[in-house]
Amino acid sequence: MEKFEISCREEAMNGRNTFADDLLRWYAQEARDLPWRRRSSPYSVLVSEFMLQQTQVATVIPYFTRWMERFPDFESLAAADEEEVLRLWEGLGYYRRARSLHAIALLVAGPLGGALPDDYDSLLQLPGVGPYTAGALASLAFNRPEAALDGNVERLMTRLLDIAEIPGPALREDLRRRITAAIPPGRARDFNQALMELGALVCLPRNPLCLSCPLKGHCLALARGTAAERPLRRLRPPVETVRALALLVTDGDRFLLLRHRDGERWQGLWEFPTFDGDEESVAADLQLDRTAWKKAGSVRHSFTRYRREISAFSLAVGLSLPLPGTEDREARWVAREELGDYPLSAGSRKIREGLIAPAEGESSVDGGRGKA
DNA sequence: AAAACGGGGTT
DNA sequence: AACCCAGTTTT
């Protein structure tokens with residue numbers, strides 16, 4: 001690992017371009033024109049970085065634009081209801097990010113006195129801000145010499161140094177130190193963005209475009225032919241399938257929605273009443289007569305190591321409410337046209353979009369076999 | 001259909 | 001270090 005610093009120094013002494021020179025030159029030419037790079041402010045950097053956690057650039061762009069129109073600054077976000085914040089986030093997933101962002105806006109508008117802190121350690125204290133985001137904010141918003149080690153940069157660095165080790169906390173800490181040391185004075189913002197951009201555009205996960213890489217003369221894995229094998233990854237645990245059942249309880253044209261409780265999954269979001277288990281067990285638990293149910297279709301929803309298969313059944317109201325086990329949840333009858341006003345969890349959103357919005361009748365989404 | 005991608009938080 | 005959160009995109 002000494003090699004990286006030593007080779008930078010040698011390169012400089014030999015009059016060759018350093019790694020950082022080649023990288024910055026490439027970035028000056030190839031940087032994408034992204035909305036959050038246009039009129040950048042600490043606030044816009046914060047919003048974009050939160051949206052970009054776990055989510056790709058192409059997906060984020062329309063959300064970012066809409067968000068900045070509705071909430072252009074900390075004050076407007078701080079003044080918003082959580083429900084509206086969640087609605088604007090709907091579809092991006094991992095809603096804790098939206099609640100954390102809202103919480104940061106409230107902190108900035110209140111105790112923090114109007115501005116984001118500008119140093120790594122203080123940023124790290126903010127909700128939803130970990131080592132990556134603290135480094136990204138410090139460098140991209142304030143041009144502080146901190147590393148921003150995201151998945152792109154981790155991949156790039158394990159190749160550059162040909163690290164044959166599964167990345168863990170210790171390696172990440174080491175890379176973070178090394179990157180920090182390599183930042184050219186005053187260039188933290190460009191240097192970090194260049195690293196991430198190179199990871200996103202050239203140093204691709206499966207098929208890196210090594211021949212077009214500005215760092216090809218510095219890359220150990222390229223020299224050894226191991227680039228495509230880096231970084232090493234742990235084997236994934238097997239996928240577990242979970243069956244669930246959603247009830248589309250209708251009262252004429254209105255649907256019953258339930259709000260998720262605070263402190264539980266999907267906090268603050270709404271759903272069509274959904275229960276784990278199969279048709280039989282759910283009917284028994286709820287003491288309902290399932291001969292009155294009509295299959296509306298099914299949706300599938302996957303995340304990390306789970307696959308959730310949700311069968312949806314329509315039933316006219318005529319059951320006793322509240323449903324057993326949902327007594328302490330807020331319930332609301334919502335007209336079909338107004339379902340879009342409620343932030344729904346992914347499963348219920350797929351039901352709304354695939355099973356309710358287009359037409360009645362038998363259908364399914366996401367390849368779900370709408371077995372009648 | 002399967003696999004990849006990918007940060008923060010918790011324990 | 002391992003697992004949860006409660007997902008989309010690529011292959």
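Proteins get letters first, then strands, A, B, ... in listed order; numbering begins at 1 in each.
Residue A/Val239 is classed as having no contact, given no heavy-atom separation below 4.0 Å to the nucleic acid. Backbone-only engagement by A/Arg234 is indicated by non-hydrogen atom pairs under 4.0 Å involving sugar-phosphate atoms exclusively. Among the protein residues, A/Pro127 comes within range of the sugar-phosphate backbone only, with heavy atoms under 4.0 Å from sugar or phosphate atoms but none that close to a base. The residue A/Tyr132 sits close only to the backbone: its heavy atoms come under 4.0 Å of sugar-phosphate atoms, none of a base. Within 4.0 Å (heavy atoms only), A/Thr133 reaches sugar-phosphate atoms of the nucleic acid but no base atom. Within 4.0 Å (heavy atoms only), A/Asn152 reaches sugar-phosphate atoms of the nucleic acid but no base atom.
Here the nucleotide nearest the side chain of A/His301, chosen from B/dG6, C/dG7, B/dG7, is C/dG7. Closest approach to the A/Pro131 side chain among C/dA1, B/dG8, B/dA1 is made by B/dG8 (side chain taken as heavy atoms from C-beta onward). Nearest nucleotide to the side chain of A/Gln54, out of C/dT9, B/dG7, B/dC5: B/dG7. Closest contact between the side chain of A/Pro205 and the listed nucleotides C/dT9, B/dG6, B/dC5 involves B/dC5. Checking C/dG7, B/dC5, C/dT9 against the side-chain heavy atoms of A/Trp266 singles out C/dG7 as nearest. Out of B/dA4, B/dG7, C/dT8, the shortest distance to the side chain of A/Arg206 is found at B/dA4.
The nearest whole Å value for the distance from the CZ atom in A/Arg172 to the C1' atom in C/dA1 is 11 Å. Taking atom CD of A/Gln53 as the reference point, atom P of C/dG7 lies 15 Å away to the nearest angstrom. Remark: C1' of B/dC5 and CG of A/Leu156 are 16 Å apart, rounded to the nearest angstrom. Rounded to a whole Å, the NE2 atom of A/His260 is 14 Å from the C1' atom of C/dC5. At whole-Å resolution of the value, CZ in A/Arg97 and P in C/dC5 are 16 Å apart. What separates OH of A/Tyr94 from C1' of C/dG7 is a distance of 5 Å, to the nearest Å. With rounding to whole Å, A/Phe50 atom CZ is found 18 Å from C/dG7 atom C1'. Atom-to-atom, CZ of A/Phe303 to C1' of C/dC4 comes out at 11 Å; the value is rounded to the nearest Å.
The phosphate of B/dG9 (OP1 or OP2) has no side-chain N or O of A/Arg99 nearer than 4.0 angstrom. For C/dC4, one of the phosphate oxygens OP1 or OP2 lies less than 4.0 angstrom from a side-chain nitrogen or oxygen of A/Arg305. Checking the phosphate oxygens (OP1, OP2) of C/dT9, a side-chain nitrogen or oxygen of A/Thr59 falls inside 4.0 Å.
Side-chain contact, A/Asn192 with A/Arg189: no donor N or O sits under 3.5 Å from an acceptor N or O.
Not a single donor-acceptor contact under 3.5 angstrom links the side-chain atoms of A/Tyr306 to the base of C/dG7.
Each of A/Tyr95, A/Tyr342, A/Phe255 was scored for a ring-ring contact (aromatic ring centres under 6.0 Å, His included) with A/Trp270, with one residue passing: A/Tyr342.
Heavy-atom nearest nucleotides on DNA chain C were determined for A/Arg349 and for A/Asn207, and the one closer to the 5' end corresponds to A/Arg349. Place A/Arg233 and A/Arg96 on DNA chain B by their nearest nucleotides, and A/Arg233 ends up nearer the 5' end.
Contact annotation: the side chain of A/Leu288 approaches that of A/Leu247 to within less than 4.5 Å [non-hydrogen atoms, C-beta and beyond].
By the 6.0 Å and 45° rule, A/Arg66 stacks over the aromatic ring of A/Tyr63.
A salt bridge does not link A/Arg307 with A/Glu240: every distance from a Lys NZ or Arg NE/NH1/NH2 to an Asp or Glu carboxylate oxygen is 4.0 Å or more. Taking a cutoff of 4.0 Å between a charged side-chain nitrogen and a carboxylate oxygen, A/Arg87 and A/Asp341 do not qualify as a salt bridge. Remark: A/Arg329 does not engage A/Glu327 in a salt bridge, criterion side-chain N to carboxylate O under 4.0 Å.
Distance noted for atom P between B/dC5 and C/dC5: 23 Å (whole Å). C/dC3 and B/dG6 are spaced 15 Å apart, taking the C1' atom of each and rounding to whole Å.
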